[in-house]
Amino acid sequence: MKKIAIVTGASRGIGREIAKTLAKEGIHVIANYNKSEQKAEELKKELKRENIDIDIFKADVSKREQAHELVEYTLKKYGKIDILINNAGIAEFKEFTQITDIEWNKMINTNLNSVFIMSQEVLKNMIHNKNGCIINISSIWGLVGSSCEVHYSTAKAGINGMTKALAKELGPSNIRINAIAPGIIDTEMNNDIKEEDVDIIKNDIPLGKIGKTEDIAKCVKWLIEDNFTTGQIISINGGWVII
Ligand code: NAP
């Protein structure tokens with residue numbers, strides 16, 4: 001039977017690329033989206049043209065009930081979950097003193113609590129099967145912090161801590177948990193960055209370029225195939241951050 005993977009936030013950007021890569025590898029993908037229904041449908045159609053079937057499922061994964069429905073849908077249809085990619089996320093530039101409670105909670109709910117909720121929901125099945133692979137999409141800012149992105153950096157640092165602790169707890173159940181911490185990747189998330197600032201960033205990056213969604217998807221594929229890597233935060237950033 002095919003491996004079953006849930007990819008959160010698969011309508012656009014990095015999640016979409018991960019969903020495509022895994023589906024082309026013969027893994028059955030449940031591509032989650034929240035607001036971008038049309039883009040999710042386009043992804044399904046695009047893969048269908050290559051005779052590849054995926055499921056798309058609308059859920060705000062920061063909400064327990066909706067995350068539960070996504071997992072229940074998958075389990076009812078396919079009976080198991082082998083892989084969870086916690087990719088859904090938002091970004092916001094704001095001075096720390098200007099961040100409201102609502103903005104802080106939205107960031108932590110979307111970028112951190114969703115990882116807690118989705119992981120808990122799938123782990124019931126993974127622990128039962130003594131098999132599983134969870135990959136969390138973090139960020140370099142969770143490693144080194146970013147000015148005017150304190151709430152984002154805090155959420156991503158939380159993901160890194162969760163990844164390490166959970167890997168220790170669930171290694172004995174044959175479940176591997178890793179995170180990927182990308183540097184700057186060419187997606188809509190960075191649409192607000194001015195072209196001249198992109199050039200400045202490129203100059204700062206030893207490899208002299210912005211990353212592509214494929215760079216992250218390739219690492220996800222490798223982490224799924226591997227069976228001795230767990231609790232690691234793998235940073236793919238062109239050498240921008242080396243720790
Ligand atoms: P993106 O192009 O803005 O896409 C974000 C995706 O997340 C969309 O598919 C969106 O779905 C989904 N999403 C947001 N909130 C959601 C929610 N509550 N429930 C379900 N889905 C939700 O961003 P991206 O650049 O691909 O980022 C993907 C991940 O990589 C994020 O976790 C981000 O922090 C991380 N990352 C990105 C970069 C970068 O430079 N791009 C760098 C480091 C880390 P809908 O549109 O359907 O709502």
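Start at 1 with the first residue, then count along the sequence. Computed over heavy atoms, backbone and side chain alike; hydrogens, waters and symmetry mates excluded. When a ligand or atom number is given, it counts from 1 through the structure's own listing order. Since the model is a prediction, treat every value here as computed from it, not as a measurement.
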S138 near ligand 1, heavy-atom distance under 4.0 Å?
yes

Have a look at ligand 1 and work out which part of Y152, if any, has a heavy atom under 4.0 Å from it: side chain, backbone, both or neither.
side chain

Under a 4.0 Å heavy-atom limit, does T213 contact ligand 1 with its side chain, its backbone, both, or neither?
neither

Check contact between T8 and ligand 1, using heavy atoms of the residue and a distance below 4.0 angstrom.
no

Under 3.5 Å between some N or O of ligand 1 and some N or O of T187?
yes

Can you check whether Y33 has an N/O within less than 3.5 Å of an N/O in ligand 1?
no

Look only at interatomic distance and state if N111 has a nitrogen or oxygen under 3.5 Å from any nitrogen or oxygen of ligand 1.
no

Counting from 1 in the order shown, the ligand 1 atoms closer than 4.0 Å to a non-hydrogen atom of I137 are 29 (C), 30 (O), 32 (O), 35 (C)

Using distance alone, decide if ligand 1 has a nitrogen or oxygen within less than 3.5 Å of any nitrogen or oxygen in I185.
yes

Check: N111 side chain, I108 main-chain N or O, donor-acceptor pair, under 3.5 Å
no

Counting from 1 in the order shown, the ligand 1 atoms closer than 4.0 Å to a non-hydrogen atom of K35 are 45 (P), 47 (O), 48 (O)

For K39, is the nearest heavy atom under 4.0 Å from an atom of ligand 1?
no

List the closest protein heavy-atom neighbour of atom 15 (N) of ligand 1: residue, atom name, distance to the nearest 0.1 Å.
T110 CG2, 3.6 Å

So is V61 polar-close to ligand 1, meaning N/O to N/O under 3.5 Å?
yes

Where does A59 meet ligand 1, judged by heavy-atom distances below 4.0 Å: at the side chain, the backbone, both, or neither?
backbone

Indicate the atoms forming the closest heavy-atom contact of S235 with A181, along with that distance.
OG-O, 2.8 Å

Do any N/O atoms on I90 end up under 3.5 angstrom from N/O atoms on ligand 1?
no

Would you say S139 and ligand 1 have an N/O pair spaced under 3.5 Å apart?
no

Would D60 count as a polar contact of ligand 1, with the cut-off being nitrogen or oxygen pairs under 3.5 Å?
yes

Short N/O distance, under 3.5 Å, between G15 and ligand 1?
no

